[in-house]
Amino acid sequence: MHVVVAAGAEGGGTIRPLGGTAARVTDLAAAVRSLEAAERPRWVWADARRVYPALLAAGVRLSRCHDVALTEGLLLGADARYGEPRQARAAFARLHGLPVPEDPHEAAEGHQPGGTQASLFEPAPAEDPSSEAGMVAEVFEDQLRRVARTPDPGRFRLLVAAESAGALVAAEMRHDGMPWREDVHDELLTGLLGPRPAHGMRPGKLQALADEVAAAFGQPVNPDSPQQIVRAFKAAGIEVPSTRSHVLKAVDHPAVAPLLAYKELARLHSAHGWAWAAQWVGGGRLRPEYVVGGVVSGRWATSGGGALQIPKVMRRVVVADDGWTLVVADAAQLEPRVLAALSGDRGLARAAGEIDLYAALAGAFGGVRDSAKVAMLSAMYGGTSGDASKLLPVMRRRFPKAYAFVEDAARAGEEGRLVRSWLGRTCPPPSERWRRLVAGPEGARAARDRGRFTRNFVVQATAAEWALTLLAVLRGLLPDPARLVFFQHDEVMVHCPLGLAAEVREAVGRAADEATRLLFGDTPVRFPMEAVAVACYADAK
DNA sequence: TACACAAGCGCC
DNA sequence: AAAGGGCGCTTGTGTA
């Protein structure tokens, strides 16, 4: 059963079973709650971000949805129409040949006055929820028809379901938040940087390092300015091409040590310091805004908050509540396993049936595990460094189907064609700029670059959909009140009472198996997902 | 003052 | 872990 739902003003809205008649309700949350309990329908809405947060705030959780905006994005991509507006209103306009409105949040992107305001997408209630529901119903039915016309509708349906489930998880994770001990964070910052400074000032330890750098150069230098640093080194008789850390490490000069220390700490201070916490942390929880499908490969992004780039040193700030625990799990060697399943290479699949895939491959590479690793990575990412040129021919001979699979993807990219993931997510078509470049003197390089991108895309995008499927399945297996609180590409975190830890860990393993079965059916490839229960994120590895 | 862009580095 | 791809984010800097 499918039910369209649209939120209106003041907690009201419209509910419209597909094929039935619309009902206006004054208490949308109550109406949705009772229908969910009775029927467990698949809820169809324009955009989870416009409907679901308010339902969560009212204590309503849903099991399934179809997100029209996310689905529209997938369908447009499949037609090589990246960048067109994805909102239900835009899809409706395209369907009827009307002028297509821009997506409101896309249009609102860019720098905000003052620079401190994050560009959050505000969930605006519909002005007329009944007309929105009608529009959504019509677009939804059109989307079903378009899905049926994709090269593999069965897989694409799974992709749509997984992406939509991601929208539920993303909203729930923002609602619940990841445990974040503000006192531990402050302690960590104070220990590394010195006490919290007055607004606009450098913390004491940063200032001391900046002074050391200036003293070493014998002149005032702003360590935050790469240009000034390059000039200062030049004045000292040292030419550096850039001020990247790995470049500076090779330089013999007394300014290098304090400068490297400064860069590391300055980043911590500016990207994840007190000001960041004031904006994104509250009530012992970090609440970033996740952007489902925000990366072309299908990985998630965040809008503000930088939750997917939290430095490892900050993991000790993530601590379970008293009497609760964090179950942390990540997929081991996910991408080579995905390649094994994608390509149907028997030899590689056999190795991917082992817990340590690279160790299992070593035999093909003179018994050297490291060589197997380099060969696999070079094949998947188009690397040319080190021993790649020696190892790739071995890869080609021993694992011909896997090798051919990534080579074909690279060739398609170089020729300006499209590639698709296992479930049908499509890479962006080449830009106009690329087409011009490719026809010019730098053409070979541009072609090679796009080839590396498409080579990587097929693997990364399929890995992302395996992880997304795992997330969706796991969500359904979690016992109340366990909550998903973090998802980072191939890693999940569940916050649950101590007594549920064993059950949750087992659920993670079952979800991994089920995701594997849903995507690849009966395959010898294993996707190990080891879950550990810890009090603190830092103890998970 | 506002904006666009580059540099640099965090995560996977 | 590899090491490739990409993305978010802040600061500095040049230009309108």
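Throughout, protein chains are lettered first and strands after them, A, B, ... in sequence-line order, and every chain is numbered starting at 1.
Here the options are A:Arg455, A:Met380, A:Arg299, A:His489, the test is side chain to side chain contact (heavy atoms under 4.5 Å, CB included), and the partner is A:Gln460; only A:Arg299 passes. Among A:Gln228, A:Arg202, A:Lys263, A:Glu212, the single residue meeting the side chain to side chain contact (heavy atoms under 4.5 Å, CB included) criterion with A:Pro223 is A:Arg202.
In the set B:dC11, C:dG4, C:dG6, the nucleotide with an atom closest to the side chain of A:Gln488 is B:dC11. In this structure, the nucleotide among B:dG10, C:dA1, B:dC12 sitting nearest to the side chain of A:Pro311 is B:dG10. Comparing C:dA1, C:dG8, B:dC12 by their closest approach to the side chain of A:Tyr358 singles out C:dA1. Counting only heavy atoms from C-beta on, A:Arg315 has its side chain closest to B:dC11 among B:dC11, C:dC9, C:dG6. Taking every side-chain heavy atom of A:Leu377 into account, C:dA3 is the closest of C:dA3, C:dG8, C:dG4. In the set C:dC7, C:dT11, C:dG4, the nucleotide with an atom closest to the side chain of A:Ser270 is C:dT11.
Looking at A:Arg299, its side chain comes within 3.5 Å of the base of B:dC12 through a donor and an acceptor atom. The base of C:dA1 sits within donor-acceptor range of the side chain of A:Arg369, with an N or O pair under 3.5 Å.
Distance A:His489 NE2 to C:dG6 C1': 9 Å, rounded to the nearest Å. When the P atom of C:dG8 is taken as reference, atom CH2 of A:Trp280 falls 13 Å away, rounded to whole Å. For the pair A:Asp224 CG and C:dT10 C1', the computed distance is 9 Å after rounding to whole Å. Atom-to-atom, OH of A:Tyr82 to C1' of C:dG6 comes out at 13 Å; the value is rounded to the nearest Å. Atom CD in A:Gln279 sits about 13 Å away from atom C1' in C:dG8, given to the nearest Å. The interatomic distance linking A:Leu268 (CG) with C:dT10 (P) rounds to 13 Å, in whole Å. As a whole-Å value, the separation of A:Leu391 CG from C:dA3 C1' is 14 Å. Regarding A:Glu289, its CD atom lies at a distance of 13 Å from the C1' atom of C:dG8, rounded to whole Å.
A:Gly306 comes within 4.0 angstrom of the backbone, heavy atoms only, and of no base. In this structure, A:Asn222 reaches the sugar-phosphate backbone alone: every heavy-atom distance under 4.0 Å involves primed, P, OP1 or OP2 atoms, never a base. Heavy atoms of A:Ile310 sit under 4.0 angstrom from primed sugar atoms or phosphate atoms, though from no base atom.
The ring pair (Phe, Tyr, Trp, His ring centres under 6.0 Å) test applied to A:Phe520 returns A:Trp422, A:Phe527, not counting sequence neighbours. With sequence neighbours excluded, the residues that form a ring pair (Phe, Tyr, Trp, His ring centres under 6.0 Å) with A:His185 are A:Trp180, A:Trp276. Under the ring pair (Phe, Tyr, Trp, His ring centres under 6.0 Å) criterion, A:Tyr290 pairs with A:Trp300, sequence neighbours left out.
Mapped onto DNA chain C by nearest heavy atom, A:Asp370 and A:Gln460 fall at different nucleotides, with A:Asp370 at the one closer to the 5' end. Positionally, the nearest nucleotide of DNA chain C for A:Asp356 lies more toward the 5' end than for the other of A:Gly382 and A:Asp356.
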Compile the donor-acceptor pairs under 3.5 Å between side chains in residues 233-258 of chain A and protein atoms, sequence neighbours left out, one pair per line.
unit_1, atom_1, unit_2, atom_2, d
A:Ser242, OG, A:Arg244, N, 3.3
A:His253, ND1, A:Ala255, N, 3.0

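Between A:Lys373 and the phosphate of C:dA3, there is no side-chain N or O to OP1/OP2 separation shorter than 4.0 Å. For C:dG8, the OP1/OP2 oxygens have no side-chain nitrogen or oxygen of A:Gln309 closer than 4.0 Å. Contact between the side-chain N/O atoms of A:Asn456 and the OP1/OP2 oxygens of C:dG6 is not found at any separation under 4.0 Å. In this model, the phosphate group of C:dT13 is approached by a side-chain N or O of A:Ser225 to a distance below 4.0 Å at OP1 or OP2.
In the region residues 403-432 of chain A, proximity to DNA chain C at under 4.0 angstrom, judged on heavy atoms, holds for none of the residues.
Counted by atom type alone, A:Arg267 and A:Tyr262 present zero donor-acceptor pairs between their side chains at under 3.5 Å. A donor-acceptor contact closer than 3.5 angstrom links the side chains of A:Gln333 and A:Asp356.
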Polar atom pairs (N or O), protein with nucleotides 7-9 of chain B, under 3.5 Å:
unit_1, atom_1, unit_2, atom_2, d
B:dG8, OP1, A:Thr243, N, 2.8
B:dG8, OP1, A:Thr243, OG1, 2.5
B:dG8, OP2, A:Arg244, NH1, 3.4
B:dG8, O3', A:Lys263, NZ, 3.3
B:dC9, OP1, A:Ser245, N, 3.0
B:dC9, OP1, A:Ser245, OG, 2.4
B:dC9, OP1, A:Lys263, NZ, 3.4
B:dC9, OP2, A:Ser245, N, 3.3
B:dC9, O2, A:Arg267, NH1, 3.0
B:dC9, O2, A:Arg267, NH2, 3.3

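Under the 6.0 Å distance and 45° angle rule, A:Arg287 does not count as a cation-pi partner of A:Trp280.
Considering every non-hydrogen atom in both A:Pro85 and A:Leu76, the closest pair reads O-CD1, 3.6 Å.
Put simply, the side chain of A:Glu465 gets close to the backbone of A:Leu423: a donor and an acceptor are under 3.5 Å apart.
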